[in-house]
A.B. asks: 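The structure follows.
A, B, ... follow the sequence lines: proteins, then strands. Residue 1 opens every chain.
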There are 2 protein chains.
Amino acid sequence: MSYSVKEVAEMFRISPHTVRYYTDQELIPGVARDHNGRRMFDDAALGWLRTIIAFRSAGMSIDMIRHYLDLYNQGEETIPARYQLLVKQQQLTRQKLDDLTQQLEVINEKVQSYDGWIHLAGSTQNKNSGSDC
Amino acid sequence: MSYSVKEVAEMFRISPHTVRYYTDQELIPGVARDHNGRRMFDDAALGWLRTIIAFRSAGMSIDMIRHYLDLYNQGEETIPARYQLLVKQQQLTRQKLDDLTQQLEVINEKVQSYDGWIHLAGSTQNKNSGSDC
DNA sequence: TGTTGACTTCGAGTAACTCGAATTTATTAT
DNA sequence: ATAATAAATTCGAGTTACTCGAAGTCAACA
């Protein structure tokens, strides 16, 4: 059995545009066309798409995914290289997480400063000495 | 005293290109030009730039920052609106943090699966039944 | 026969930079 | 005085991963 762009898009809850984009980027091996040029996805293609979506949601770039596919196609001797690639992505994601944690603190402070400002309006207290916007 | 693009860029460890970009986007009020058209940043401009960088690092979009500046320029009666804007950004950032935490787990699992694969090579054990790339 | 509806390709738009080229200007060295 | 260097300017294009819309093709149904 094979599936159309729309079916696949609904299956994975992504837009048909994105599905076409991934095939155009050659991220999904084995997507055939019917006699009208329409994309046909088989189960193997669905498996790859699932992986690609997982990788993307893990923050991996399209380029990195392409690289991973290249390695995969070169056989088992690239397993260590693929492992390295994943570890690298792991580090990148951890870094992002740390950054975002700090960012949340910055904004938390801002909000708190407004909290104080609003609830103590008219009071003489004013911790920030002027330059805080 | 006033500072050049390069000085400001070094002060905040961002590229001169980015500094010019922010002024072009009118994010920094009160950046004057000298008789040769060069940007001159005073202390107030530095204060704004510090705020802008904090907001950006908090994940706020340029558009949202522009909106915040507009509100600021309209005076104290916009304090509640500014507060709302910050709370909204706070929520957005929390959401991002949650997403990223999940993403990290996805990739952690992948790495672990490779870990097992590498260290148990040749063993009969194989948890994943084929379709895992 | 006509009208959906889904498919196709192609080209442009988005955000927030990032880069490079061409040009102008001020400072310094010879 | 002149030439080289460094930093500034503007402008336009490139980046990433989509996202959107237009124009055209095709099969199925009323």
Side-chain angles (χ1 to χ4, degrees), chain A residues 2-28 31-42 45 48-49 51-69 88-89 92-93 95-96 99-100 103, chain B residues 2-28 31-42 45 48-49 51-69 88-89 92-93 95-96 99-100 103:
Chain A
S2 79
Y3 310 90
S4 72
V5 165
K6 203 199 175 194
E7 286 169 331
V8 170
E10 278 166 2
M11 248 180 251
F12 290 99
R13 297 159 184 279
I14 58 181
S15 84
H17 273 295
T18 303
V19 175
R20 278 192 287 272
Y21 175 72
Y22 286 163
T23 61
D24 290 353
Q25 295 297 311
E26 320 232 39
L27 295 188
I28 313 172
V31 177
R33 303 289 184 125
D34 70 5
H35 68 101
N36 283 319
R38 287 176 166 107
R39 293 166 183 83
M40 298 185 311
F41 299 82
D42 60 7
W48 276 111
L49 185 50
T51 300
I52 289 159
I53 290 171
F55 280 171
R56 279 297 301 141
S57 95
M60 210 181 289
S61 74
I62 297 283
D63 250 22
M64 222 158 165
I65 293 174
R66 225 192 316 263
H67 188 196
Y68 184 88
L69 288 180
K88 193 170 174 181
Q89 182 57 45
L92 284 175
T93 308
Q95 184 61 54
K96 267 199 211 169
D99 289 354
L100 210 56
Q103 294 167 14
Chain B
S2 80
Y3 310 89
S4 71
V5 165
K6 203 199 175 194
E7 285 168 333
V8 170
E10 277 166 3
M11 247 178 251
F12 290 100
R13 296 160 185 278
I14 59 181
S15 84
H17 273 294
T18 303
V19 174
R20 279 191 288 269
Y21 175 72
Y22 286 162
T23 62
D24 291 352
Q25 295 297 312
E26 320 232 38
L27 295 187
I28 312 172
V31 176
R33 302 288 185 129
D34 70 6
H35 68 102
N36 282 319
R38 289 180 165 102
R39 293 165 182 81
M40 297 185 312
F41 300 81
D42 60 6
W48 275 112
L49 185 51
T51 300
I52 289 159
I53 291 172
F55 280 172
R56 279 297 300 141
S57 95
M60 210 181 288
S61 73
I62 296 284
D63 252 20
M64 220 159 169
I65 293 174
R66 226 191 317 262
H67 187 196
Y68 184 88
L69 288 180
K88 193 171 175 183
Q89 181 58 46
L92 284 176
T93 308
Q95 184 62 53
K96 267 199 212 170
D99 289 353
L100 210 56
Q103 293 167 15

A.B. asks: Run the salt-bridge test on A:Asp63 and A:Arg66 with the 4.0 Å N-O cut-off and return the result as yes or no.
C.D. replies: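 So A:Asp63 pairs with A:Arg66 through a salt bridge.
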A.B. asks: Applying side chain to side chain donor-acceptor pair (under 3.5 Å) as the test, list every pair that has at least one member in residues 8-19 of chain A; sequence neighbours left out.
C.D. replies: A:Ser15-A:Thr18
A.B. asks: Could you run down nucleotides 9-21 of chain D 5' to 3' and tag each one B, S or - for protein heavy-atom contact under 4.0 Å?
C.D. replies: BB------BBSBB
A.B. asks: Using five pairs at each end of the helix from C:dT1-D:dA30 to C:dT30-D:dA1 to define an axis, what is the angle between those two axes, to 10°?
C.D. replies: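 Here the local axes at opposite ends form an angle of 30°.
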A.B. asks: The test is side-chain contact (heavy atoms from CB on, under 4.5 Å); show your working for B:Arg56 and B:Ile53 and say whether it passes.
C.D. replies: CA-CA 5 Å; B:Arg56 279 297 300 141; B:Ile53 291 172; 5.6 Å; no
A.B. asks: For B:Ile14 and C:dC17, give me the distance from atom CD1 to atom P, rounded to whole Å.
C.D. replies: 9 Å
A.B. asks: Is the closest side-chain heavy-atom distance between A:Leu69 and A:Trp48 below 4.5 Å?
C.D. replies: yes
A.B. asks: Would you say B:Gln103 and B:Asp99 are linked by a side-chain donor-acceptor pair, where the criterion is simply a distance under 3.5 Å?
C.D. replies: no
A.B. asks: Between A:Asp34 (CG) and D:dT25 (P), how many Å, whole number?
C.D. replies: 17 Å
A.B. asks: Walk me through whether B:Leu27 and B:Tyr21 qualify under side-chain contact (heavy atoms from CB on, under 4.5 Å).
C.D. replies: CA-CA 9 Å; B:Leu27 295 187; B:Tyr21 175 72; over 6 Å; no
A.B. asks: Less than 4.0 Å between a side-chain N and a carboxylate O, is that true for A:Asp24 and A:Arg39?
C.D. replies: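 Looking at A:Arg39 and A:Asp24, the cut-off is met.
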A.B. asks: Just wondering, do B:Tyr3 and B:Asp42 contact through their side chains at under 4.5 Å, heavy atoms?
C.D. replies: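 Of all side-chain heavy-atom pairs linking B:Tyr3 with B:Asp42, none is under 4.5 Å.
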A.B. asks: According to a strict under-4.0 Å criterion, is B:Ser4 in side-chain N/O contact with OP1 or OP2 of D:dA8?
C.D. replies: yes
A.B. asks: Measure from CD1 on B:Ile53 to C1' on C:dC17 and round the result to the nearest Å.
C.D. replies: 14 Å
A.B. asks: If I take atom CD in residue A:Glu7 and atom P in nucleotide C:dG5, what distance separates them, rounded to the nearest angstrom?
C.D. replies: 17 Å
A.B. asks: Round to the nearest Å and state the distance from B:Lys6 atom NZ to C:dT27 atom P.
C.D. replies: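 Result: 15 Å.
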